[in-house]
Amino acid sequence: MTIVSPFPNVEIPETGVYDFLFGDLSDADRDRVALIEPKSGSTTTYGQLVAQIDAAAGALAARGIGVGDVVAILSPNIPAFATVFHGILRAGATATTLNALFTANEIRKQLVDSKARTIITISLMAPQALEAAREVGFADEDVVILDGEGLAASGHPNAADLLGAGLRAPEVTFDPATHIAALPYSSGTTGNPKGVKLSHLNLVSNVAQIKPLQGMKEDDVIIAVLPFFHIYGMTVLLNAALRARASLVVMPRFDLVEFLANIQERKVTYAFIAPPIAVALAKHPIIDQYDLSSLHTMVSGAAPLDQELGDAVAERLDLRMLQGFGMSELSPVSHLIPFDGGVGTVGVDAPIASVGWAVPNSENRIVDPESGADVPQPTEGVSAPGELWVRGPNVMVGYLNNDAATAETIVDGGWLRTGDMATVDASGCITIVDRLKELIKYKGYQVPPAELEALLLTHPDIADVAVIGVNDADGEEIPKAFVVAQAGSQLSEDDVIAFTAERVAPYKKVRAVEFIETVPKSASGKILRKDLRK
Ligand code: 4UV
């Protein structure tokens, strides 16, 4: 049973990301502020941003980078991120973004898998970027350190080397429907992180699909605290907010006091967040010391937001709280509560705990994972839970070099299986109720259990292990390891935690440990994660 988006279809132009976002920039747009760096107060207008993107594309092309090449970005949110991200796409190359907290080993793995031939970073992350780049055989000039000393002094190009020459953007031709613009990494329903091939048309589609629902306008000031390197920030901030000609207040990391001060000082009107920020906004006493009255809309996504928490934030800050659902493989937004809550657009007021309706030009199915049968959409009340399937122009092209995983994820004529359990009501409003896939989300970031299990198995005192997500006392999902210790070992819980903390990005580390006799497994050797959850 197909559940069609209740929103009218939108036009999706068959064009590249750059042309879609900046192709029709008016003179008035050119003078608008695109990016604000709150610490220094420096601003970048749309006219300046586009000139910088063109120059970056020209410099990359002069270095021989174009269609078929992959360029990695390892950086927190800084204005130059927007320049290099769109410069890479403008040059016809593919951008693969790395979590700024990655260790050298995690960086190396993604460089190898994505076949990136250049990495762009900042001096703060340069040690780990250089270590990884050396291991994969990059030359010095293949590591761009944006705020570094520059090519002449260090052998590594900096921002001035990229932009200073003022080279013109190259003429590139590609098919927007098949040419890969971005390659974020996601573990999908199982296993290790995989490159998610998102075409130019995927990214263009998703901006077009969410535009009428987000209601972002050119006079909106948006706090850009979600990382640009994660698909959520990439699409809603680097793409959708810039398409809306809004102004982005660029924050390199979340700090509650700075977040609040920026909202107050810059009169921020619109915020995209993940649930941990909602917790702080609902509960922290310091909130009352700031004037946050400029905020009119807040969207939460990347992990579940419950009704009480959403209501508490909406009431305390007197704003419209919305929830969206996204997935790297969906470019990422497949569901959103529209800016009017649904009252005017759908005729139904969506609960904050729901993720609203399928975005325009897309459709859903709710499928019983046991029987494979569609769960019927009810005429009143809510349906039984089933796996959420999505079809639309935002569905990825596939996983990089992994046809088997692609075939398991995109099935039967273009349906993408999310691995999330959902219910649907009579209006088509979707509520996410559980996760079928093994993925763990810590503060909205992906923690693939398979990666931690493989790492922990390298410990000489660990005979077997399984990692699942559990809720801690605050209701926050955390990775927990069930460890079978080698006979006679003195391994402690702290040893296990420290072992992972030293080897993976901080958000991925194991945060709880339980020692068990055996890991429950099926006849085929698959870990029975459900049994561990019990
Ligand atoms: O691949 P990923 O890390 O992608 C994301 C993207 C989230 C976005 C993006 C744009 C939005 O506007 C927005 O509202 C949300 O997180 O992880 C995908 C998985 O994260 C879980 C779910 O398990 C996905 O398969 N997830 C994402 N959003 C929600 C969620 C949600 N609202 N409720 C519950 N789980």
Side-chain angles (χ1 to χ4, degrees), residues 99 101-103 105-106 109 185-194 275-276 302-304 306 368-370 385 387 404-405 408-409 417-421 432-534:
N99 190 304
L101 299 173
F102 270 6
T103 61
N105 191 39
E106 291 164 322
K109 279 199 254 178
Y185 272 66
S186 164
S187 65
T189 50
T190 181
N192 283 315
K194 296 171 270 291
D306 65 41
D368 182 334
E370 306 275 304
E387 186 183 9
E408 271 171 35
T409 306
R417 301 174 48 183
T418 63
D420 292 287
M421 294 290 282
I432 307 292
V433 293
D434 198 1
R435 207 179 292 134
L436 198 59
K437 55 189 168 190
E438 62 189 34
L439 177 70
I440 301 166
K441 282 230 133 173
Y442 179 72
K443 292 192 192 287
Y445 289 118
Q446 289 202 7
V447 181
E451 204 182 320
L452 289 173
E453 287 158 2
L455 171 64
L456 286 165
L457 282 173
T458 67
H459 194 296
D461 287 339
I462 295 180
D464 204 359
V465 63
V467 178
I468 64 167
V470 297
N471 285 342
D472 71 4
D474 301 326
E476 176 98 60
E477 189 179 8
I478 56 165
K480 174 170 179 177
F482 289 85
V483 174
V484 181
Q486 296 283 15
S489 99
Q490 300 293 309
L491 192 69
S492 71
E493 293 174 19
D494 288 345
D495 294 338
V496 175
I497 291 172
F499 184 76
T500 60
E502 285 159 16
R503 289 167 179 81
V504 293
Y507 69 90
K508 278 190 206 163
K509 75 170 185 185
V510 164
R511 284 167 198 270
V513 178
E514 190 174 322
F515 289 98
I516 54 173
E517 294 290 313
T518 51
V519 172
K521 288 186 187 160
S522 69
S524 61
K526 263 186 91 174
I527 295 170
L528 296 171
R529 294 172 198 280
K530 262 196 190 145
D531 292 1
L532 284 171
R533 251 175 238 136
K534 276 182 211 148

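- With sequence neighbours excluded, the residues that form a side-chain hydrogen bond (donor to acceptor under 3.5 Å, both in side chains) with Ser524 are Ser522.
- Remark: Leu436 CG to Asp420 CG distance equals 8.5 Å, nearest 0.5 Å.
- No side-chain heavy atom of Pro520 sits less than 4.5 Å from a side-chain heavy atom of Ile527.
- If you take CD1 on Ile468 and CG on Leu439, they are separated by 13.0 Å, rounding to the nearest 0.5 Å.
- Every side-chain hydrogen bond (donor to acceptor under 3.5 Å, both in side chains) that Glu106 has, sequence neighbours left out, goes to Thr103, Lys508.
- Residue pairs meeting the salt bridge (charged side-chain N to carboxylate O under 4.0 Å, His left out) criterion with at least one member in residues 484-497: none, sequence neighbours excluded.
- For the pair Val483 and Leu491, the minimum side-chain heavy-atom distance is below 4.5 Å.
- Side-chain N/O atoms of Thr189 and Glu408 include no donor and acceptor closer than 3.5 Å.
- With hydrogens and angles disregarded, no donor-acceptor distance shorter than 3.5 Å links the side chain of Thr409 to the backbone of Arg417.
- The closest donor-acceptor contact from the side chain of Lys441 to the backbone of Ala302 lies under 3.5 Å.
- Within the structure, every pair that satisfies the salt bridge (charged side-chain N to carboxylate O under 4.0 Å, His left out) test and touches residues 476-487, not counting sequence neighbours, is listed here: Arg435-Glu477, Lys443-Glu476, Lys480-Glu514.
- Every residue meeting the side chain to side chain contact (heavy atoms under 4.5 Å, CB included) condition with Pro449, not counting sequence neighbours, appears here in chain and number order: Glu438, Ile440, Glu453, Val467, Arg529.
- Qualifying side-chain hydrogen bond (donor to acceptor under 3.5 Å, both in side chains) partners for Asn105, counting only residues two or more places apart in sequence or in other chains: Arg108.
- Asp306 is linked by a side chain to side chain contact (heavy atoms under 4.5 Å, CB included) to Glu308, Leu309, counting only residues two or more places apart in sequence or in another chain.
- For residues 510-534, no residue pair satisfies the ring pair (Phe, Tyr, Trp, His ring centres under 6.0 Å) rule, not counting sequence neighbours.
- Of all the heavy atoms in Val510 and Ile497, the pair that sits closest is O-CG2, 3.4 Å.
- For the pair Asn192 and Ala450, the tightest heavy-atom approach, listed with the atom from each and the gap, is OD1-C, 3.9 Å.
- Contact check for Leu528 versus Val519: no side-chain heavy atoms found under the 4.5 Å cut-off.
- Panel note: side chain Ser489, backbone Ala485; no donor-acceptor pair is recorded below 3.5 Å.
- Annotation: salt bridge (Lys or Arg N to Asp or Glu O under 4.0 Å) contacts of Lys509 (sequence neighbours excluded): none.
- The shortest side-chain heavy-atom distance between Leu455 and Phe499 falls under the 4.5 Å cut-off.
- In this view, Pro193 and Tyr185, Pro448, Glu451 satisfy the side chain to side chain contact (heavy atoms under 4.5 Å, CB included) rule, not counting sequence neighbours.
- Of all heavy-atom pairs spanning Pro275 and Ala303, the tightest one is CG-O, 3.3 Å.
- Distance check, rounded to the nearest 0.5 Å: CD of Glu387 to CD of Glu370 gives 11.5 Å.
- The two atoms that bring Tyr507 and Gln446 nearest to each other are CE1-O, 3.3 Å, heavy atoms only.
- The side chain to side chain contact (heavy atoms under 4.5 Å, CB included) test applied to Ala463 returns Val484, Gln486, not counting sequence neighbours.
- Each salt bridge (charged side-chain N to carboxylate O under 4.0 Å, His left out) pair with one or both residues in residues 454-473, not counting sequence neighbours, appears once here: Asp464-Lys521.
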